[in-house]
Chemist: 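Okay, here's the structure, questions in a sec.
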Amino acid sequence: MAKSIGVTKQSEDFSRWYTDVVQKAELADYGPVKGTMVIRPYGYGIWELMQQGLDGLFKATGHVNAYFPLFIPESFLKKEAEHVEGFAPEVAVVTHAGGKKLDEPLVVRPTSETIIWHMYKKWIGSYRDLPLLINQWANVVRWEMRTRLFLRTTEFLWQEGHTAHATAKEAEEETQRMLAVYKKFAEEWMAMPVLTGRKSESEKFAGAVATYSIEAMMRDTKALQAGTSHFLGQNFAKAFEVTFQNQQNEAEFVYATSWGVSTRLIGGVIMTHGDDKGLILPPRVAPIQVVIIPIFRDAEQKSLVMAEVDQLNQGLKALGIRVKVDDDETSSPGFKFNEWEMRGVPVRIELGPKDVEKQQCVLVTRYNGEKSFLPLAGLVESMPQRLDVVQKALFQRALTFQQENTHRANNWEEFQEILESKGGFIRAGWNGDPEVEAKIKEATKATIRNIPFDQPENPGTCVFTGEPAQYEVIFAKAY
RNA sequence: CGAGGCGUGGCUCAGCCCGGUAGAGCACCUGCUUUGGGAGCAGGGGGUCGCAGGUUCAAAUCCUGCCGCCUCGACCA
C-alpha cells in the first residue's frame, strides 16, 4: 500500500490537483488541437444537469430557446466599435471553403450579439414585438493564449441570453433579474456562494454599457467569475439599426441585454468543493448521487447480497435518485471506495453478507467522510432528505470558507500584507480611477472582481491613494 | 511572441554525457488463488524512440532544421 495513486494532494499543488481530478475522474480530456477539450460522459452528465436546472429557471422567467448560426460574416463584428476591438484578437476566421477562397471571410462566433441583432432587425417593428426574450445553448470559440480544462478553452459550451426591450428601465431590470437567476443557480444547484456586483469599466464586456457578475471563491482562495449579465443599452441596436415604433408612433432604438454562463462553472464546482481525495459533487448536479457497492465472496453470498442491492436500487430509482450499482467483479471493494470518492459521488452504500444478516448497510457521505451503520428499513425513503442535507452542508461549508478568507484592507500596507500572507478576497475602498485599478493590478496581480451591490454607508478611503473612496470593491487574484 | 523545460509501449519515466540486442513501474490480456479501504502469484501481448536530413560500418544516443506539448509572462467566460 501507500503507493502514490490517486490525485496530487490539493495542499501540495492546487493547480496540478485540478488537472489530475479533471482527467482521473474522467470529466474531460485534452483534444488534439491546442486548447480544445473533450468533455467525457461523466463531465457531460454534470453539464446536462446544469442545463436542465438553468433552462428551467430561464423558462420560468419567460425566455424561450432558439439557435443561431456558428458562422458570422466578418463585417458584422466590425459594426460595433468596442465589440470588435474587444473580440478581434481572439476570433477564428474561415477564409476558405468549398475548395476556394471566400469573398468575405467568416468568423466563428466568439459570442452571438452581432448575428442575433442582425436578425432582430428583421423581427422587431413595433413595441408590440417587445420584449423579445431569447436564449440559445451553443458552443463558441475564442482563441485564448493560455487555456485550462473547463476554465478557459478555445471552444466552450454555454448559454447566451439575448433580450430586446422598449425601455432602458425594462432592460436594466432584465439584466438584474438574470444575474439573480445566476446567483440562485450557483448557490442552490452548484452550492457555490457568490458575490454579485458591477464590473469596473476595464473589466466590462466589449460593447456593454454595464456588466454585472457573480464571483465565487475557489479553495485556493482565488476568484472565479462564474457568470455575467450585461446591460447593452442601445449600442447594438444602433450598430444594427434596430428600431421599433412606440405607442406614440415614433421610431426608437431598442434596448438590449445579454447574459451567459458556461462550462467554466464545472471548473468552479470542482475547485469549490474538492479535497485531497478528489472531486466532491453537490447532489443536484451529480450524475451519480448514490453508488452501491455489493460485497461478497462466493455465489451463495452474491445472490443473498444482490437481492438486497437490487431492492435498494429499484427503490432509490423509483424516487428519481440517480444511483449506480458497482457490481464489477474484477476490482476489489477497496478499489471501488477510493475510485468513487475520487469521482465525487455524494453518498456510498456498502452492503455485504454481514449486513444482510443484520439487515443493515454501511453508508458513507463523501464530503465529510462520515461512516454509519443504518438499518435497511426506511433507508430508501430517507435518501432524498440525506442528499438535501449534503447539498446544504456543502453550500454552508463553502460560504464559511469564503467569509473566513475575505478581509478588509484600510490602506496600501494592509492590502499588500493581506494579499501576501492570506490571499482571498479583499474588501477595500477605491476612488473609481481606472489608472489606480491598473496600477494595483500591475503591482499585485489582484484585480477588482466587482463593485458589490451591498455597499457600506461609508466606503472609507481609496486603498491606493488614500483619497476618499467612491466605492468599496472586491479585490482578488482571479482565474 | 519573450524566457525555460520536454517529446522513448496506453500512462509515468529510465536509457542519451561515453553511438553497438529498446527497458522499468503502472495499465492491459490469460489462468489460479482472492474480495468489508487501492489483492497476490505465474504466464503473455504491445514501441516507425516527435518528423526530416546529416555524420558514421553502426544513431533513441552526436550535428542541423522543422513540428508539437508543458510551465512562466503579455490576452480572457
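Every chain is numbered from 1 and lettered A, B, ... according to where its sequence line falls, protein lines coming before strand lines.
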Chemist: Rounded to whole Å, please give me the gap between CD1 in A:I349 and P in B:G36.
Modeler: 19 Å
Chemist: Determine the contact category for A:K354: base if any of its heavy atoms lies under 4.0 Å from a base atom, sugar-phosphate if only primed atoms, P, OP1 or OP2 are that close, otherwise nothing.
Modeler: base
Chemist: Could you check whether A:E341 gets within reach of a base, just the sugar-phosphate, or nothing at all, counting any heavy atom under 4.0 Å?
Modeler: base
Chemist: Round to the nearest Å and state the distance from A:Y18 atom OH to B:C70 atom C1'.
Modeler: 17 Å
Chemist: Could you tell me whether A:R148 contacts a base, only the sugar-phosphate backbone, or nothing, with contacts defined as non-hydrogen atoms closer than 4.0 Å?
Modeler: nothing
Chemist: I'd like to know if A:K371 reaches the base of B:G36 with its side chain such that a donor and an acceptor end up less than 3.5 angstrom apart.
Modeler: no
Chemist: Students often get this wrong, so: under 4.0 angstrom with heavy atoms, is A:V362 touching a base, only sugar-phosphate, or nothing?
Modeler: base
Chemist: By the 4.0 Å heavy-atom rule, please label A:L151 as base, sugar-phosphate, or nothing.
Modeler: base
Chemist: Quick one: are A:R264 and A:Q225 in side-chain contact, heavy atoms under 4.5 Å?
Modeler: yes
Chemist: Between B:U64 and B:A59, how many Å separate the two C1' atoms, rounded to a whole number?
Modeler: 15 Å
Chemist: Would you measure the distance from the C1' atom in B:G46 across to the matching atom in B:A24 and give it in whole Å?
Modeler: 15 Å
Chemist: Does A:Q225 reach a base, just sugar-phosphate, or nothing at all? Heavy atoms under 4.0 Å.
Modeler: sugar-phosphate
Chemist: Between B:C51 and B:U8, how far apart are the two C1' atoms, rounded to whole Å?
Modeler: 15 Å
Chemist: For A:R449 and B:A77, what is the distance between atoms CZ and P respectively, to the nearest whole Å?
Modeler: 9 Å
Chemist: On the ring face of A:Y479, is A:R148 found with NZ or CZ under 6.0 Å from the centre and within 45° of the axis?
Modeler: no
Chemist: Rounding to a whole Å, what distance do you find between A:K302:NZ and B:U35:P?
Modeler: 16 Å
Chemist: I'd like the P distance from B:G37 over to B:G44, given in whole Å.
Modeler: 33 Å
Chemist: Could you check whether A:G352 gets within reach of a base, just the sugar-phosphate, or nothing at all, counting any heavy atom under 4.0 Å?
Modeler: base
Chemist: Grab the CD-P distance between A:E329 and B:G31 for me, whole Å please.
Modeler: 14 Å
Chemist: Using a cut-off of strictly less than 4.0 Å, decide whether A:S332 has a side-chain nitrogen or oxygen near OP1 or OP2 of B:G38.
Modeler: no
Chemist: Can you see if the side chain of A:R146 gets near the phosphate of B:G73 - specifically, an N or O under 4.0 Å from OP1 or OP2?
Modeler: yes
Chemist: Who does B:C13 pair with, Watson-Crick or G-U, both distances under 3.5 Å?
Modeler: B:G23
Chemist: Check whether A:W340 forms a cation-pi arrangement with A:R348 (NZ or CZ under 6.0 Å from the six-membered ring centre, at most 45° off the ring normal).
Modeler: no
Chemist: Take the protein atom CG of A:D20 and the nucleotide atom P of B:U12, then report the distance between them rounded to whole Å.
Modeler: 11 Å
Chemist: By the 4.0 Å heavy-atom rule, please label A:T154 as base, sugar-phosphate, or nothing.
Modeler: nothing
Chemist: Tell me if the side-chain of A:R297 makes a donor-acceptor pair with the base of B:G36, cut-off 3.5 Å, by modelled atom types.
Modeler: no
Chemist: Quantified in whole Å, what is the C1' atom distance between nucleotide B:C6 and nucleotide B:C16?
Modeler: 14 Å
Chemist: Looking at A:W259, A:F87, A:F231, A:Y212, which hits ring-ring contact (aromatic ring centres under 6.0 Å, His included) with A:F205?
Modeler: A:F87
Chemist: A:K336 NZ to B:U34 C1': how many Å, rounded?
Modeler: 13 Å
Chemist: In a check of ring-ring contact (aromatic ring centres under 6.0 Å, His included) between A:F415 and each of A:F475, A:W430, A:F464, which one passes?
Modeler: A:F475
Chemist: Considering only atom P, compute the distance from B:C57 to B:G19 and round it to an integer number of Å.
Modeler: 15 Å
Chemist: What integer number of Å spans the C1' atoms of B:C18 and B:U30?
Modeler: 43 Å
Chemist: Send over the distance from A:F335 CZ to B:A27 C1', rounded to a whole Å.
Modeler: 10 Å
Chemist: Identify every side-chain donor-acceptor pair in residues 304-314 of chain A under 3.5 Å, counting partners at least two apart or on other chains, and give the distances.
Modeler:
| from | atom 1 | to | atom 2 | distance (Å) |
| --- | --- | --- | --- | --- |
| A:E308 | OE2 | A:Q359 | NE2 | 2.9 |
| A:N313 | OD1 | A:K317 | NZ | 3.4 |

Chemist: By a 5.5 angstrom centroid cut-off and a 30 degree plane limit, is there stacking between A:F337 and B:G38?
Modeler: no
Chemist: Looking only at atom P, what distance separates B:G40 and B:A27, rounded to whole Å?
Modeler: 9 Å
Chemist: Does the cation-pi check pass for A:R142 over A:W158, that is, NZ or CZ under 6.0 Å from the six-membered ring centre and within 45° of its axis?
Modeler: yes
Chemist: Are any of A:K445's side-chain N or O atoms less than 4.0 Å away from OP1 or OP2 of B:G73?
Modeler: yes
